[in-house]
Amino acid sequence: MSGIIPPVFARGVFLTLVEADRYTARGSSNWRNCRRPAYRKECDPLEFEPLDQFQQRRKKLSEIEALGHSAYPRKFAWTHTARQIGEQFETRTAEQLTADPVNVRVAGRIIALRPHGKAAFAHVTGDGVRLQLYIKLDVVGEQAYQLFRLLDLGDIIGISGHLFRTKTNELTVWVEKLELLSKALLPLPEKWHGLADVEQRFRRRYLDLIVNERSREIFIRRAQIIREIRHFFDSRSYLEVETPMMHPILGGATARPFVTHHNTFDMDLYLRIAPELYLKRLVVGGLDRVYEINRNFRNEGIDAIHQPEFTMLEFYQAYSDYSELMDLTEDFFRVLAEKICGSTKVKFGDDEIDFGHFERLTMREAICKFWPEAAAPAPNASELAAPGGPRTLAERYNVFARAHGLVPFANVTKLSDGELTGELFEQVAEAHLVQPTFIYDFPTAISPLSKQKPDDPSLTERFELFIAGMELANGFSELNDPFDQEGRFRAQVEKGDPESPKEVDTDYIRALSHGLPPTAGEGVGIDRLVMLLTDSHAIREVVLFPLLRTEGGEPAEPPAETSGEAK
RNA sequence: AGGGGCGUAGCUCAGUGGUAGAGCAGCGGCCUUUUAAGCCGAAGGUCGUGGGUUCGAUCCCCACCGCCCCUACCA
């Protein structure tokens, strides 16, 4: 999105540039192509801070062209990456490298320069690995050495040469030929401390990735995790599918949506808050096992474990119920931990998460188990199950909360027993669930899409998996009775909350009326899973470009259609 | 949304009610096995933005912008 220099114009500058102001000539219709941040009032010539260094490097670029080198050549035929050189030749001794020379062509970004007059050392990175180069005037020749002198930290170069070992025994390329592959007009962050400012790390993620190895590793590992997820489900005969991200009717979760608009249909659409209802339509359609790795959008708060757009895995399997899914989920997490981290025991902050052992507690058991001592007496499960029991306990909890400066429940009288049970669980138990724990048998009142338990209609066959105090997964035996489903949808609409659906998704009810097999389905928060497996404690560390407010203070203007013709 | 913290050179950070400092990067010079290379020299700043108090504000006060933390919201 940064400025694009029209080639003709750029060429003219490179050939004629002596003073910087030649370059800043404006008014050319070519500038119509110049995309700039919306908060900038006019289309300035391509220039960025630090201006002195930007201009300095631009000057060098024109000098490089004057030497006859292409500024931005098309390609470079490499034989090895920096990583491959390390992997393949690290064991070769200096004698072996002399006796049996290894020739390489390798490309990378310059990250360190140590010139010594007529020779120099440099480090480049390629594929995340550092590689040292040694460049000597009397080896590469006057012309190439002149080019080398015009290079800066951040430039991308390609070299050819052979491997040798220096006095300090570092595997190094003895450079014979050198070419510039891309000039960096802006400097890299400081070489010892890198880019530490969190805001800048997210806004300029490209710099973060160059400079902070941990950041790079997180996203490589994230990709491995996604790959293993696909492997896990593909090998179990699941079909990967893609369902719409723009929904005419809200559904599949309780959340506040983003709204967008389709012009031709003149139709408002919601960005999906969950793919659930579409995936179950597919099971109706005979795709008995489906999964989708999907982006969801929820217009809600942002904190260490919430982003407005986040990635979920959802999968559905016909002829199963939630207890089978809990077993599958244990396998899933254990396999991922082993494959990604090499062990079922994974360090997460001060904790060691053991993916080899999962606890299972009903929601009512969890409330009883973690009931605060100061709010004694602890309830028992039958107290929670009794009509009005959760309300009595919520009131008891509120007495305790007010006495201890905690936030009491606001709407004890308005909420149902089921809703209060959910609230109690969240307040009392959730934060304690560090080791993998399934909480199961959720109240029906907070589970509009799950099937009730045969022996207790106040509860559903639903579970959530908690690890490190975070909700990681949510699964249930899918409600497939269309009459029951319609009734629960209507109840949601009648509630009229901002998070509730505004209308009943009758097509989904119609789909159920064609017959959904007994099906179990589950969603897994991929961002949170990546957090766990990379020891990251903020979701934005595992999302490449987390949402930040627009830089520059002024709200971004929509791009004007006529801006190109305005002059 | 409420409370707290932060914003100083491109980067990482010091600092003070009296016109601002270091290291790295950059610039000029020296240097043919260094690796935080070294040595010499010069430069670089509307101290987030806008108001106010003051003889004088980067510092004190207010508002705004952005980021972080806590709380709230959040299946």
Side-chain angles (χ1 to χ4, degrees), chain A residues 39 48-57 59-60 94 111-123 130 132-140 145 152-154 164-170 172 174 184-204 207 211 252-256 273-274 276 298-308 310 363 405-407 410 418-419 422-423 425-426 430 439 442-443 445-450 460 462-464 466 471 473-476 498-499 523 525 537-538 540 546 548-555:
Chain A
Y39 56 83
F48 292 100
E49 294 284 317
L51 198 54
D52 58 329
Q53 296 191 42
F54 183 82
Q55 288 170 339
Q56 186 65 39
R57 284 166 179 241
K59 183 167 155 245
K60 287 181 181 178
I111 54 156
L113 276 174
R114 292 181 295 281
H116 294 261
K118 296 187 178 64
F121 285 95
H123 272 97
R130 287 163 58 98
Q132 184 168 258
L133 311 179
Y134 184 55
I135 294 138
K136 251 161 72 114
L137 169 62
D138 48 22
V139 174
V140 298
Y145 205 74
D152 289 298
L153 295 184
F164 77 109
R165 285 192 181 272
T166 60
K167 274 205 302 212
T168 56
N169 208 36
E170 179 167 347
T172 302
W174 183 277
L185 295 172
L186 290 167
L188 291 175
E190 205 259 358
K191 68 179 173 189
W192 307 343
H193 308 92
L195 194 63
D197 182 302
V198 276
E199 182 180 354
Q200 291 307 313
R201 286 186 44 233
F202 302 143
R203 287 195 195 279
R204 317 258 177 269
L207 292 180
V211 162
T254 310
R256 296 168 71 173
I273 56 172
E276 169 144 1
R298 297 189 183 176
N299 205 339
E300 290 170 351
I302 294 180
D303 61 31
I305 55 172
H306 296 270
Q307 270 284 301
F310 63 100
M363 182 174 278
L406 301 173
V407 183
E419 288 167 321
E423 297 279 342
F425 166 74
E426 283 180 25
E430 197 172 314
I439 300 298
F442 274 51
I446 57 171
S447 309
L449 297 162
S450 5
T460 57
R462 175 183 173 192
F463 66 84
E464 287 186 358
F466 290 87
E471 180 195 334
N474 177 12
F476 37 89
E499 301 82 13
H537 298 262
R540 53 180 196 276
L548 296 173
R549 286 187 168 83
T550 321
E551 249 182 321
E554 297 171 54

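Just so it is clear: chains get the letters A, B, ... in the order the sequence lines come, proteins before strands, and each one is counted from 1. These figures come from a predicted structure and were not determined experimentally.
Regarding A/Gln56, its CD atom lies at a distance of 15 Å from the P atom of B/G44, rounded to whole Å. The distance between atom CZ of A/Arg204 and atom P of B/C11, rounded to the nearest whole Å, is 9 Å. Rounded to a whole Å, the CG atom of A/Leu137 is 14 Å from the P atom of B/C30. Atom-to-atom, CG of A/Asp138 to P of B/U33 comes out at 11 Å; the value is rounded to the nearest Å. Distance A/His123 NE2 to B/U33 C1': 12 Å, rounded to the nearest Å. Rounded to an integer number of Å, the gap from CD of A/Gln200 to P of B/U12 is 8 Å. The distance between atom CG of A/Leu51 and atom P of B/A9, rounded to the nearest whole Å, is 16 Å. For the pair A/Glu49 CD and B/U46 C1', the computed distance is 13 Å after rounding to whole Å.
Looking at A/Gln307, its side chain never comes within 3.5 Å of a backbone N or O of A/Phe310 through a donor-acceptor pair. Not a single donor-acceptor pair under 3.5 Å links the side chain of A/Arg540 to the backbone N or O of A/Leu548.
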Set out, in order, the CA-CA distance, both residues' side-chain angles and the distance that settles side chain to side chain contact (heavy atoms under 4.5 Å, CB included) for A/Leu207 and A/Gln200, then state yes or no. CA-CA 9 Å; A/Leu207 292 180; A/Gln200 291 307 313; over 6 Å; no
As a quick check of understanding, evaluate side chain to side chain contact (heavy atoms under 4.5 Å, CB included) for A/Phe476 and A/Thr460, giving each step before the final call. CA-CA 8 Å; A/Phe476 37 89; A/Thr460 57; 6.0 Å; no
Could you give me the CA-CA distance, side-chain angles and deciding distance for A/Asp152 and A/Lys60, then say whether salt bridge (charged side-chain N to carboxylate O under 4.0 Å, His left out) is met? CA-CA 9 Å; A/Asp152 289 298; A/Lys60 287 181 181 178; 2.6 Å; yes
Just do the side chain to side chain contact (heavy atoms under 4.5 Å, CB included) check on A/Gln132 and A/Thr166 with the steps written out, would you? CA-CA 10 Å; A/Gln132 184 168 258; A/Thr166 60; 3.6 Å; yes
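Taking the nucleotide of RNA chain B with the nearest heavy atom to each of A/Arg549 and A/Trp174, the more 5' of the two is matched to A/Trp174.
Base-pair partner of B/G41: B/C27 (Watson-Crick or G-U wobble, both distances under 3.5 Å). When Watson-Crick and G-U wobble pairs are counted only if both distances are under 3.5 Å, B/C60 pairs with B/G52. With a 3.5 Å ceiling on both atom-pair distances, B/A14 lacks any Watson-Crick or G-U wobble partner. A 3.5 Å limit on both hydrogen-bonding distances identifies B/C65 as the Watson-Crick or G-U partner of B/G7.
For A/Gln132 against B/U34, a side-chain N or O and a base N or O form a donor-acceptor pair under 3.5 Å.
Applying the side-chain contact (heavy atoms from CB on, under 4.5 Å) rule to A/Arg165 yields the partners A/Glu90, A/Ala94, A/Leu97, A/Asn169, A/Leu171; only residues at least two apart in sequence or on another chain are considered.
At a threshold of 4.0 angstrom between heavy atoms, the contacts of A/Gly194 are confined to the sugar-phosphate backbone, with no base atom among them. Within 4.0 Å of A/Ala112, counting heavy atoms only, lies no atom of the nucleic acid at all.
Across B/G50 and B/U58, the matching P atoms stand 11 Å from one another, rounded to whole Å. Across B/C24 and B/G44, the matching C1' atoms stand 14 Å from one another, rounded to whole Å. Nucleotides B/C67 and B/C30 have their C1' atoms positioned 44 Å apart, rounded to a whole Å. Comparing the same atom, P, in B/C27 and in B/A37 gives a spacing of 16 Å after rounding to whole Å. Nucleotides B/U71 and B/A63 have their C1' atoms positioned 24 Å apart, rounded to a whole Å. The gap from the P atom of B/C13 to that of B/C6 amounts to 15 Å, rounded to the nearest Å. Comparing B/U12 with B/G51, their P atoms are spaced 29 Å from each other, to the whole Å. Distance check on atom P: B/G4 versus B/A20 gives 32 Å, rounded to whole Å.
Contact annotation: A/Arg114 side-chain N/O to B/A37 OP1/OP2 distance is under 4.0 Å. Phosphate proximity of B/C27 to A/Lys60: present, with a side-chain N or O under 4.0 Å from OP1 or OP2.
Of all non-hydrogen atoms in A/Ala196 and A/Arg201, the two that sit nearest each other are O-CD, 4.0 Å. Listed here is the closest heavy atom pair of A/His306 and A/Gly301: CB-O, 3.4 Å.
The side chain of A/Thr166 lies closest to B/U34, out of B/G26, B/U32, B/U34. Comparing atom distances between the A/Pro189 side chain and each of B/C11, B/G10, B/U32 picks out B/C11 as nearest.
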Once each nucleotide of nucleotides 68-75 of chain B is scored for protein heavy atoms under 4.0 Å, what B/S/- sequence comes out, 5' to 3'? SS--SBBB
With sugar-phosphate taken as primed atoms, P, OP1 and OP2 and all else as base, the protein-contact string of nucleotides 20-25 of chain B at under 4.0 Å (heavy atoms; B, S, -) is ---BBB
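Around the CZ atom of A/Arg256, the shell of radius 6.0 Å holds no more than 12 heavy atoms that belong to other residues, nucleotides or ligands.
For the pair A/Val139/A/Trp174, a side-chain contact is recorded, criterion being any heavy-atom separation below 4.5 Å from C-beta on.
Aromatic ring orientation, A/Tyr134 versus A/Phe164: tilted (interplanar angle from 30° to 60°).
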